[in-house]
Protein chains: 2
Amino acid sequence: MGTRHRGEIEEINALNAFIKLQRASESVSSRVHAVLPAGLTITQFGVLEALLHIGPLCQGELAEKLLRSGGNLTLVVDNLEKAGYVARERDPADRRFVVVKLTDKGSKFIGEIFPRVVANVTREMNVLSSTELFDLCRLCKKIGVRH
Amino acid sequence: MGTRHRGEIEEINALNAFIKLQRASESVSSRVHAVLPAGLTITQFGVLEALLHIGPLCQGELAEKLLRSGGNLTLVVDNLEKAGYVARERDPADRRFVVVKLTDKGSKFIGEIFPRVVANVTREMNVLSSTELFDLCRLCKKIGVRH
DNA sequence: AAATAATACATTGACATTAAACCATATCAC
DNA sequence: GTGATATGGTTTAATGTCAATGTATTATTT
């Protein structure tokens, strides 16, 4: 091992950390997903949650917040609309925009689910101490930013 | 804010860290993905990379390593097979197993791509110092484990 | 040896996901 | 105002993804 170049070690450490990051994210996410009612996907949950806490949003904003493509959001909102959880409305001021808002049914639904997801996330993440959580936030923030 | 219960603060910190973890993972992954040749997906890359570094594997092993379902791997291997990068072979000792191996074309292909992905991952992750990388590994390992 | 259970993969159906092409609306330049 | 350009959303084609179910093969039980 003494013959390894500096660059090789850097590469190995970077790859290693990258893989661990991906695995941690995927495995926590899948365990959190497990608590969602059958038929409600993570992205659908993300849309409902954003509408609950921010209020009505247009699809472009939803796509940006959820890191998804516009075309994807069209379909996800379609499915939420079919299920009766959200309603679409053309913005009369600028008819290109479609404003998505929670229906009463959707509001009640996400209002019941959200606390359970929070409890689950809390259980998953509190394997770390609050100092460790803070460190994780800092590191994630640093690598998450485009550079 | 002084009226917040201890539990509420824990929940907020946990949620906050969870979201940052997901975002960091997704955004790094999408930037790494960007370096893959058009048409090669992340999971396809994962299969080729595993075959390159471990050697021939059966589909069940691939599914486990890549944290994907068996049915999914069937399709991913289908597409890699169509593209001529891998070949399937029934294990003669136990005909339930399908051994997947790289073709010459696939071997050459992944051999060219892998170093470029490594370079990209290195560039992304080396925003962190080696100490920070080490910390990130430790934290991810801790939350990734099922508990 | 026949019935049963377990294992590995394939298939199906529903939804997610993206990129690219497309349509409708709005804005800008002239 | 008219044409060019930009913007927001939709559609399409290809792939991914899982859960559930089906099929083939092997192992176990009796």
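Labels below follow one simple rule: chain letters A, B, ... track the order of the sequence lines, proteins then strands, and each chain is numbered from 1.
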Figure out the [atom1]/[atom2] separation between [X] and [N], and round it to whole Å.
| X | N | atom1 | atom2 | value |
| --- | --- | --- | --- | --- |
| B:Arg90 | C:dA8 | CZ | C1' | 8 Å |
| A:Phe97 | C:dT27 | CZ | P | 9 Å |
| A:Glu64 | D:dT7 | CD | P | 13 Å |
| B:Asp94 | C:dA8 | CG | P | 8 Å |
| A:Asp91 | C:dA24 | CG | C1' | 14 Å |
| A:Asp78 | D:dT11 | CG | P | 7 Å |
| B:Leu75 | D:dA20 | CG | P | 19 Å |

Which atom of [X] lies closest to which atom of [Y], heavy atoms considered:
| X | Y | value |
| --- | --- | --- |
| A:Val28 | B:Ile143 | CG2-O, 3.5 Å |
| B:Val86 | B:Thr103 | C-CG2, 3.7 Å |
| B:Cys140 | A:Leu21 | SG-CA, 3.7 Å |
| B:Pro37 | B:Phe109 | CG-CZ, 3.9 Å |
| A:Glu124 | A:Val32 | CG-CG2, 4.3 Å |
| B:Cys137 | A:Lys20 | O-CD, 3.8 Å |

Side-chain donor-acceptor distances from residues 43-51 of chain B under 3.5 Å, at least two apart:
unit_1: B:Gln44; atom_1: OE1; unit_2: B:Thr41; atom_2: N; d: 3.2
unit_1: B:Glu49; atom_1: OE2; unit_2: B:His53; atom_2: ND1; d: 2.7

For this session: Report yes if some heavy atom in the side chain of B:Leu128 is under 4.5 Å from a heavy atom in the side chain of A:Lys142; otherwise report no.
Result: yes
For this session: Report yes if the side chains of B:Leu57 and B:Val100 come closer than 4.5 Å at any heavy-atom pair, otherwise no.
Result: no
Report the nucleotide, chosen from [options], that has the shortest atom-to-atom distance to any side-chain atom of [X].
| X | options | result |
| --- | --- | --- |
| A:Val76 | D:dT10, C:dA16, D:dT17 | C:dA16 |
| A:Val98 | D:dT10, C:dA8, D:dT17 | D:dT10 |
| B:Gln59 | D:dT26, C:dA10, C:dT17 | C:dA10 |

Exercise. Hey, quick one: are B:Leu73 and B:Leu75 part of the same hydrophobic cluster, counting side-chain heavy atoms closer than 4.5 Å, chains of contacts allowed?
Worked result: no
Problem set entry | Same cluster (ILVMFWY, side-chain, under 4.5 Å), B:Leu62 and B:Leu40 | yes
Exercise. Are OP1 or OP2 of C:dT27 and a side-chain N or O of A:Arg95 less than 4.0 angstrom apart?
Worked result: no
Exercise. Is A:Asn79 near enough to C:dA16 that one of its side-chain N or O atoms lies under 4.0 angstrom from OP1 or OP2?
Worked result: yes
Seminar exercise, completed: Per-nucleotide protein contact along nucleotides 18-23 of chain C, 5' to 3', at a 4.0 Å heavy-atom cut-off (B base, S sugar-phosphate only, - neither), is B-----
Shorter than 3.5 Å, N or O on both sides, protein versus nucleotides 21-24 of chain D: list them out with atom names.
none

Exercise. Does a donor on one side chain and an acceptor on the other come within less than 3.5 Å for B:Ser25 and A:Gln22?
Worked result: yes
Seminar exercise, completed: Sorted by number, residues from residues 49-58 of chain B placing a heavy atom under 4.0 Å from DNA chain C are B:Cys58
For this session: Name every residue in residues 34-44 of chain A that has at least one heavy atom under 4.0 Å from any atom of DNA chain C, in order of residue number, or write none if there are no such residues.
Result: A:Thr41, A:Thr43, A:Gln44
Problem set entry | Pairs flagged by salt bridge (charged side-chain N to carboxylate O under 4.0 Å, His left out) wherever residues 104-117 of chain A is involved - sequence neighbours left out | A:Lys108-A:Glu112
For this session: May I have the step-by-step check of side chain to side chain contact (heavy atoms under 4.5 Å, CB included) for A:Arg23 and B:Leu67, ending in yes or no?
Result: CA-CA 8 Å; A:Arg23 293 212 156 219; B:Leu67 304 178; 3.8 Å; yes
